[in-house]
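Scope of the values below: all heavy atoms of this structure, side chains included, with no hydrogens, waters or symmetry mates. Naming convention: chains lettered A, B, ... in sequence-line order (proteins, then strands); numbering from 1 in each chain.
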Number of protein chains: 2
Amino acid sequence: MGVASTAPGRRIGTTTSKTRSLLVDAAEQLLLDEGYAAVTSRRVGAKAGLKPQLVHYYFRSMEDLFLEVFRRRADENLARAEAALATDETLRTLWRINADLRGAAFNIEFVALANHHKAIRAEVARYAERFRAIQLEAMARSLAGHGIAADRLPPVAALLLMTGLTQVLSLERALGVTAGHDEALAFVTDLIDRLEPPVAPT
Amino acid sequence: MGVASTAPGRRIGTTTSKTRSLLVDAAEQLLLDEGYAAVTSRRVGAKAGLKPQLVHYYFRSMEDLFLEVFRRRADENLARAEAALATDETLRTLWRINADLRGAAFNIEFVALANHHKAIRAEVARYAERFRAIQLEAMARSLAGHGIAADRLPPVAALLLMTGLTQVLSLERALGVTAGHDEALAFVTDLIDRLEPPVAPT
DNA sequence: GTCTATACTTCGATAGAC
DNA sequence: GTCTATCGAAGTATAGAC
């Protein structure tokens, strides 16, 4: 899509450049360590060991850089989820996908960013929808397989509960608040173990 | 940043000043409308119709301003939750407290901020713990009243599921993603209606 | 007690040098 | 195709005028 740039006067570096990747790496690192406000052209340049102006050579704007950082990670997450569910479409796998979700902090930053930037909001929304769709199919089939009718527990409700729980847990963990987490985790894993008995008994 | 400094040489305005409240109002508005990055002394001053330097007269740092904005809203939320549960300690009230939670966007911003600022993280954590504690007691009593044993559904697990769900829903709503929301909401309200039949039948 | 004039830093972005 | 010199705007914060 579109680097097409109906755009006017400025020259932009190739997307295959090694330097460009370094900048995206540095931006991602900064975002995770210090939040999106720390992702400035100067600091990204410094972290990458490069001149800050290079950020503006490879990206038309800071927003473009954010989008690149987001897409890279998002594509990774989607691919990982798809791969996991392709071989094993179970509740346990779904739970693992949600619980292991790398960088919940990452998501928080982008949701916060999405409030401000229209283009980022659109991208995050698109990702959220795709991620949901991938999981929803698996959830529906899993529940049906366990004889749980959709009118008793709608698959999308189960999925939203699962997603919500894992997000709250990781969000609180980042704050240093973990009271009750073990109990909540045990509740879910017990539930899954009952529906899908583990192969190796403890 | 870390201007820690129990500080020396600068004069700070009184906390009862009308001007001060105007600045906090403006900051809160900006935070909700455009995200925390938009909360700068210049923009806060402009929104309040005042000189930007006044922000630094009434607050030792921008972090102090953020803390003030957060506390004001947090205290309001805690008081509202306490009041609601004092008169009516039911699942339905708990659900309402979570679902109605004003400004989920607000929470997002502060959680994102908490990643960066230690003082803010501490304050947000303290708030999260108090909010949880207030609800947990009510949840435990409600479940017990409905004959649901704590070893079958630990109250804290129920609460985390509830909180997680409402947070994910409002977060997604902010993104413009609402697929499945109605089903999830219906699932929970039906569940509550079954345990606590509504007084006025539809 | 309240506010302003001012200092200095860092920001995103571009035009032009290699 | 790649990078740098440089600009004007915006950031936080302080010292000092009312």
Legend entry - Nearest-Å distance for atom pair CG/P, residues B:D64 and D:dT14: 12 Å

Inset, instruction - For B:Y58, report the nucleic acid contact type (base, sugar-phosphate, nothing); a contact means any heavy atom under 4.0 Å. - result: sugar-phosphate

Legend entry - Interatomic distance, A:L23 CG vs C:dG12 P [rounded to whole Å]: 13 Å

Inset, instruction - Measure centre to centre between the rings of B:F66 and B:F70, then say whether the value is under 6.0 Å. - result: no

Inset, instruction - Ignoring the backbone of B:Y57, work out which of D:dT4, C:dG1, C:dC11 is nearest its side chain. - result: C:dG1

Inset, instruction - With heavy atoms under 4.0 Å as the rule, sort B:T14 into base, sugar-phosphate or nothing. - result: sugar-phosphate

Legend entry - Out of D:dG11, C:dA13, C:dC11, whichever nucleotide has its closest atom nearest the side chain of B:R42: D:dG11

Inset, instruction - Counting heavy atoms from C-beta on, name the nucleotide in C:dG12, D:dT4, D:dT12 closest to the side chain of B:H56. - result: D:dT12

Legend entry - B:E137/B:R141 ion pair, N-O < 4.0 Å: yes

Legend entry - Nearest-angstrom distance from the residue atom CE of A:M62 to P of C:dT14: 13 Å

Legend entry - A:T19 vs D:dC3: side-chain N/O to OP1/OP2 distance below 4.0 Å: yes

Inset, instruction - Taking only Lys NZ, Arg NE, NH1 and NH2, and the carboxylate oxygens of Asp or Glu, determine whether A:R126 and A:E123 approach each other closer than 4.0 Å. - result: yes

Inset, instruction - Please work out if B:T40 contacts a base, only the sugar-phosphate, or nothing of the nucleic acid, heavy-atom cut-off 4.0 Å. - result: sugar-phosphate

Legend entry - Separation of A:L175 CG from B:E129 CD (nearest 0.5 Å): 9.0 Å

Inset, instruction - Using whole Å, report how far CZ of B:R10 lies from P of D:dA15. - result: 9 Å

Inset, instruction - Output the single nucleotide from C:dG12, C:dT14, C:dC3 whose closest atom is nearest the side chain of A:S41. - result: C:dG12

Legend entry - No-H, no-angle donor-acceptor pair, A:R43 side chain to C:dT10 base, under 3.5 Å: no

Legend entry - Whole-Å gap separating P (D:dT12) and OH (B:Y36): 13 Å

Inset, instruction - Would you mind reading off the distance between B:F59 atom CZ and C:dT2 atom C1', rounded to a whole angstrom? - result: 14 Å

Inset, instruction - Please tell me which of the listed nucleotides, D:dT12, D:dC3, D:dA5, lies nearest to the side chain of A:Q53? - result: D:dA5

Inset, instruction - May I have the distance from B:E63 (atom CD) to D:dG11 (atom C1'), rounded to whole angstrom? - result: 16 Å

Legend entry - Nearest-Å distance for atom pair NZ/P, residues B:K18 and C:dC3: 13 Å

Inset, instruction - Salt-bridge test for B:R92 and B:D193: reply yes if a basic N is under 4.0 Å from a carboxylate O, no otherwise. - result: yes

